[in-house]
Amino acid sequence: IYPSAEQFKTLLAGPKDQPVVMLNLLRFKERAGEPDVGESGAAAYARYGDAMRKIVESHGGRILWTGLVDSMVIAHADPGYHAVALVEYPSRQKFFEIATSSEVAAIGVHRTAGLESQWLIATTQGEL
């Protein structure tokens, strides 16, 4: 559930002169692990998400949208995601700095406690 050095390298090779919007597709554990034992995975992740919002905003980013997945309209199989979030960062470099910061490391226990799996997709604005 965390990017590898190679995945960070690929991210940082992308466009440097524009914001990046990270598409988060999230699947939660049914029951959270330490330190949030007894809670749902979604509740543990929400604790991380609340703290992460403050960190992102303090570095010039913003949460564009969050929502719960309620149905799959077009899909080959149901991937089982529970939630979606769109988070804009001023740049890929700023995302990297935030993601690898001690601030995020300190709250990461709740992310790990609640998150079963994730797809994290970097996007930049462009014509289709």
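Positions are given from 1, in the same order as the sequence printed here.
Counting only distance, with no hydrogens or angles, the side chain of Asp17 and the backbone of Pro15 share no donor-acceptor pair below 3.5 Å. Using a distance-only test at 3.5 Å, with no hydrogens or angles considered, a donor-acceptor pair links the side chain of Thr123 to the main chain of Val21. Between the side chain of Lys54 and the backbone N or O of Asp50, no donor-acceptor pair lies under 3.5 Å. Of the possible polar contacts, none joining the Arg27 side chain to the Glu116 backbone as a donor-acceptor pair under 3.5 Å is found.
Ile121 has its side chain out of reach of Met22: every pair of non-hydrogen atoms, C-beta onward, lies at least 4.5 Å apart. Side-chain atoms of His59 and Lys94, non-hydrogen and from C-beta on, do get closer than 4.5 Å to each other. Within the 4.5 Å cutoff, the side chain of Tyr2 has no heavy atoms near those of the Thr100 side chain. A 4.5 Å side-chain heavy-atom check between Val104 and Ile98 finds at least one atom pair inside the cut-off. The shortest distance between side-chain heavy atoms of Glu34 and Val109 does not fall below 4.5 Å. Arg31 is listed as a side-chain neighbour of Ser40, based on a closest heavy-atom distance under 4.5 Å. Between Phe28 and Tyr81 there is no side-chain heavy-atom pair separated by less than 4.5 Å. Taking 4.5 Å as the limit, every side-chain heavy atom of Val20 sits out of range of all side-chain heavy atoms of Glu88.
For the atom pair CD1 (Ile107) and OG (Ser102), the distance works out to 11.0 Å, reported to the nearest 0.5 Å. The line from OG of Ser117 to CG of Leu26 is 8.5 Å long, rounded to the nearest 0.5 Å. For the atom pair CD of Gln18 and CD of Gln125, the computed distance is 7.5 Å after rounding to the nearest 0.5 Å. To the nearest 0.5 angstrom, Trp65 atom CH2 is 10.0 Å from Leu23 atom CG. Here Thr112 contributes atom OG1 and Lys29 contributes atom NZ; the two are 7.0 Å apart, rounded to the nearest 0.5 Å.
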* May I have the step-by-step check of side chain to side chain donor-acceptor pair (under 3.5 Å) for Glu39 and His110, ending in yes or no? => CA-CA 11 Å; Glu39 296 184 5; His110 303 295; over 6 Å; no
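Side chains of Thr10 and Gln7: no donor on one and acceptor on the other come within 3.5 Å.
Tyr48 does not carry Arg53 over the face of its six-membered ring by the limits of under 6.0 Å from the centre and within 45° of the normal.
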